[in-house]
Amino acid sequence: MTQADTSVDFLRGIIADDNRTGKFGGRVVTRFPPEPNGYLHIGHAKSVCLNFGIAEEFGGVCHLRFDDTNPSREEMEYVNSIQEDVRWLGFDWGENLFFASDYFDQLYEYAIKLIESGKAFVCDLSADEVRDYRGSLVEPGKESPYRNRSIEENLSLFRGMRAGDFGEGEHTLRAKIDMAAPNLNLRDPVIYRILKQAHHRTRDEWPIYPMYDFAHGQSDSIEHVTHSVCTLEFEDHRPLYDWFLDELDIYHSQQIEFARLNITHTVLSKRRLIELLNGGYVTAWDDPRMPTISGLRRRGYTPEALRNFCDRISVARRDNTVDIALLEHTLRDDLNQKSPRVMGVLDPLKVVIENYPEDKVEDIISTNNPEDPSMGERNVSFSRVVYIEKDDFREIPPPKFYRLSPGKEVRLKDAYYITCNSVVKDEITGEVVELRCTYDPDTFGGTSADGRKVRGTSHWVSEESAVDAEVRVYDHLFTTEYPDDVEDGGDWKDNINPDSLVVMKNAKLERGLNHAKPGERFQFLRQGYFCVDKDSTPESPVFNRTVPLRDTWARFARSNT
RNA sequence: UGGGGAUUAGUCCAGUGGUAGGACGCCUGACUCUGGAUCAGGAAGCGGAGGUUCGAACCCUCCAUCCCCAGCCA
């Protein structure tokens, strides 16, 4: 047993302790509380896996609750996509689908209660004035001149706000705490604001909306959430979270913070993802280069790979940036087990096998997955003209190059050995456009009776059976590990990888692949894992490269140039 | 300069008084009809200084560095 099997993260440690001490009577209720104002990304996946995972492990439940307290930026499109993504990741909230907006009436009552106990007041200060009165990091704030209104006046004003008697910005409801508190969140925070905007669920029923701080903890409380897990930046809000629950004297959930996920070569803030979208750097929320769940799904990621990744990175309280190589490792690890192997030539080079009969077509038997014999075998066609990868031929081979070059012999995977006799070049550019080769008929199946060593094995597709396809080769969205590493005056977008998408329009795939359905995944032998894009049709198939195979030759070649 | 957090290999995470461990990445080698996978081996770390102790990554003190907070966003 390894250490990883026995050690638990700090969160599970806390919960185990709570169960031991009976803090919550052994109950474990968590929640995943997205704001429906954007698509979920892999950072959210960490939270989803954490909350649902913990509930599962401790025999509890995890709620899905939309934190929809700001109608000006939330939409149904997002609540739908979020549910789809959580479900796709493999989690089930059962009956426990909630919305903070379900609690608007209750929240309003809580506010009245706070006013009645003299702990909240209606303030007439403008937004600018509130900011001035708040003070600064090093100076205490000043009390609002409206802070000492009578309970009756506060009540009547707040009811007026609720009735829609005032315009946006005319009043706010504020908690009465301490304008000198070193924690800025405690300097009489606004808890209700006037927003005359239709809400995606309550429509125009409410002209006022609670702020996050006045909605989140209370929603947890209403749902009897035991462990309210959130990211580190809410740490400063915990005293407020606790204050409301204490003042209101209602069920007290426990907020616990963890460090959000960062990954090299990408960005994970909603703001930046939207900027990528609006700037046309990507085409959609589900662009396969986006770190969104929908983007990763379209790219060909599996839910299992994502969940394994979340397990592997664990969770702690220190800022972290996980190497994207770990994500890709968990992906390959999963895909290696379940992807059928096929042959596809991305950048074709024509090969004419001069001693192979003109109209002969042979069936070649190929194994679907050496990792899993139960996946069986298939036939591919072989004939006189085949395509191999341009990369698999060099007129002047560098050291350690096992592939094809003039006079050299290589194996065409599962088929025959071929030897290159001559090359045909474009008269103008000098580019090699065709290889003239001969094959050894005694090497059918890819082995020779004399047992001679052939180091190189190429994948290939016969011209007669080839399926023409478009292959979209994706790479990291940013060239640098940390997109924020820029020259003075530079911008994170300066690091966007101009080659994050390279479209191969003339790919040749083995027969049958035009009938693969969107979402189907394959390993293109020697190249990587690919999946059928949603743009694909049998007439014009489109594949996405999910992730390349590890390529020690490429690494060697790179370090020797 | 206020408050709240954090600091263990390149990266992520364990270790909470008794020889510092795992994973990814990196480097070697073996094997191989995928330069894939697999297998074997290796390099690489407790931010610093004091103190307590037989013994400190862990306890105490001081220092340094990094992150978060001044939305009527979440």
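Numbered from 1 within each chain, the chains take letters A, B, ... in sequence-line order.
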RNA chain B stem ranges, 3 or more consecutive Watson-Crick or G-U pairs under 3.5 angstrom: B:2-7 with B:64-69, B:10-13 with B:21-24, B:26-30 with B:38-42, B:47-51 with B:59-63
Donor-acceptor pair (no angle test) under 3.5 Å: A:Q527 side chain, B:rU34 base: no
Presence of donor-acceptor pair under 3.5 Å, side chain of A:R318 and base of B:rU8: yes
OP1 or OP2 of [N] under 4.0 Å from side-chain N/O of [X]:
X: A:T552; N: B:rG36; answer: yes
X: A:R526; N: B:rG35; answer: yes
X: A:R555; N: B:rC27; answer: yes

RNA chain B: 5'-proximal contact among A:F444 and A:R312 (nearest heavy atom): A:R312
Residue whose closest nucleotide on RNA chain B lies nearer the 5' end, A:R238 versus A:D333: A:R238
Are any protein N/O atoms closer than 3.5 Å to N/O atoms in nucleotides 72-74 of chain B? If there are, list each pair with its distance.
| from | atom 1 | to | atom 2 | distance (Å) |
| --- | --- | --- | --- | --- |
| B:rC72 | OP2 | A:R134 | NH1 | 3.0 |
| B:rC72 | N4 | A:L125 | O | 2.8 |
| B:rC72 | N4 | A:A127 | N | 3.1 |
| B:rC72 | N4 | A:G169 | O | 3.3 |
| B:rC73 | OP2 | A:R193 | NE | 2.9 |
| B:rC73 | OP2 | A:R193 | NH2 | 2.8 |
| B:rC73 | O3' | A:R193 | NH2 | 3.1 |
| B:rC73 | O2' | A:N70 | ND2 | 3.2 |
| B:rC73 | O2' | A:R73 | NE | 3.2 |
| B:rC73 | O2' | A:R73 | NH1 | 3.4 |
| B:rC73 | O2' | A:R73 | NH2 | 3.0 |
| B:rC73 | O2 | A:R73 | NH2 | 3.4 |
| B:rA74 | OP1 | A:T69 | OG1 | 2.7 |
| B:rA74 | OP1 | A:R193 | NH1 | 3.4 |
| B:rA74 | OP1 | A:R193 | NH2 | 2.9 |
| B:rA74 | OP2 | A:Y212 | N | 2.9 |
| B:rA74 | N6 | A:H237 | NE2 | 3.2 |

Residue pair A:Y133, A:D188: steps toward the side chain to side chain contact (heavy atoms under 4.5 Å, CB included) verdict: CA-CA 10 Å; A:Y133 275 71; A:D188 293 4; over 6 Å; no
[atom1] gap between [N] and [M], integer Å:
N: B:rG15; M: B:rC72; atom1: C1'; result: 47 Å
N: B:rA20; M: B:rC46; atom1: C1'; result: 8 Å
N: B:rG35; M: B:rC12; atom1: C1'; result: 29 Å
N: B:rU32; M: B:rG47; atom1: C1'; result: 46 Å
N: B:rC26; M: B:rA64; atom1: C1'; result: 30 Å
N: B:rA30; M: B:rG36; atom1: C1'; result: 16 Å
N: B:rC59; M: B:rG17; atom1: P; result: 8 Å
N: B:rG21; M: B:rA9; atom1: C1'; result: 12 Å

Residues within residues 263-273 of chain A bordering RNA chain B, heavy-atom distance below 4.0 Å: none
Selection: residues 322-329 of chain A, any non-hydrogen atom under 4.0 Å of RNA chain B: A:V322, A:D323, A:A325, A:L326, A:H329
Would you say the side-chain atoms of [X] and [Y] include a donor-acceptor pair closer than 3.5 Å?
X: A:H216; Y: A:R31; answer: yes
X: A:T330; Y: A:N308; answer: no
X: A:T480; Y: A:D485; answer: no

Sugar-phosphate, base or nothing in reach of [X], heavy atoms under 4.0 Å:
X: A:F401; answer: base
X: A:D414; answer: base
X: A:R341; answer: base
X: A:I313; answer: sugar-phosphate
X: A:V315; answer: sugar-phosphate
X: A:R550; answer: sugar-phosphate
X: A:E371; answer: base

A:Y387: ring-ring contact (aromatic ring centres under 6.0 Å, His included) partners, not counting sequence neighbours: none
Residue list, ring-ring contact (aromatic ring centres under 6.0 Å, His included) with A:F258, at least two apart or on another chain: none
Under 5.5 Å and under 30°: A:Y402 stacked on B:rG35: yes
Whether A:Y78 and A:W285 hold their rings parallel, tilted or perpendicular, with breakpoints at 30° and 60°: perpendicular
Residue pairs fulfilling side-chain hydrogen bond (donor to acceptor under 3.5 Å, both in side chains) with at least one residue in residues 253-268 of chain A, sequence neighbours excluded: A:K23-A:Q254, A:E233-A:R260, A:R238-A:E257, A:Q255-A:E257, A:E257-A:R317
Pairs involving residues 178-198 of chain A, ordered by first then second residue, that meet ring pair (Phe, Tyr, Trp, His ring centres under 6.0 Å) (sequence neighbours left out): A:F158-A:Y192, A:Y192-A:F214
Over 12 foreign heavy atoms within 6.0 Å of NZ, A:K400: no
Syn/anti state for B:rG55 [syn: chi within 90° of 0]: anti
N/O contacts under 3.5 Å, protein versus nucleotides 64-67 of chain B?
| from | atom 1 | to | atom 2 | distance (Å) |
| --- | --- | --- | --- | --- |
| B:rC67 | O4' | A:D319 | OD2 | 3.1 |
| B:rC67 | O2' | A:D319 | OD2 | 3.3 |

Non-neighbouring partners of A:C437 that pass side-chain contact (heavy atoms from CB on, under 4.5 Å), sequence neighbours left out: A:V351, A:L404, A:I418, A:C420, A:L435
Partners passing side-chain contact (heavy atoms from CB on, under 4.5 Å) against A:K390 (at least two apart in sequence or in another chain): A:D347, A:L349, A:E431
Minimum-distance nucleotide to A:V138 side chain [options: B:rC13, B:rA14, B:rU1]: B:rU1
Closest listed nucleotide, where the reference is the side chain of A:W553 and the choices are B:rU34, B:rG35, B:rA70: B:rG35
All N/O donor-acceptor pairs, side-chain side in residues 447-454 of chain A, below 3.5 Å, sequence neighbours left out:
| from | atom 1 | to | atom 2 | distance (Å) |
| --- | --- | --- | --- | --- |
| A:S448 | OG | A:D450 | OD1 | 2.6 |
| A:S448 | OG | A:G451 | N | 3.4 |
| A:S448 | OG | A:R452 | N | 3.4 |
| A:D450 | OD1 | A:R452 | N | 2.9 |
| A:D450 | OD2 | A:R452 | NH1 | 3.0 |
| A:R452 | NE | A:E409 | OE1 | 2.9 |
| A:R452 | NH1 | A:D440 | OD2 | 3.4 |
| A:R452 | NH2 | A:E409 | OE2 | 2.7 |
| A:R452 | NH2 | A:D440 | OD2 | 2.8 |

Axial cation check for A:F99 ring with A:R201, 6.0 Å and 45° limits: yes
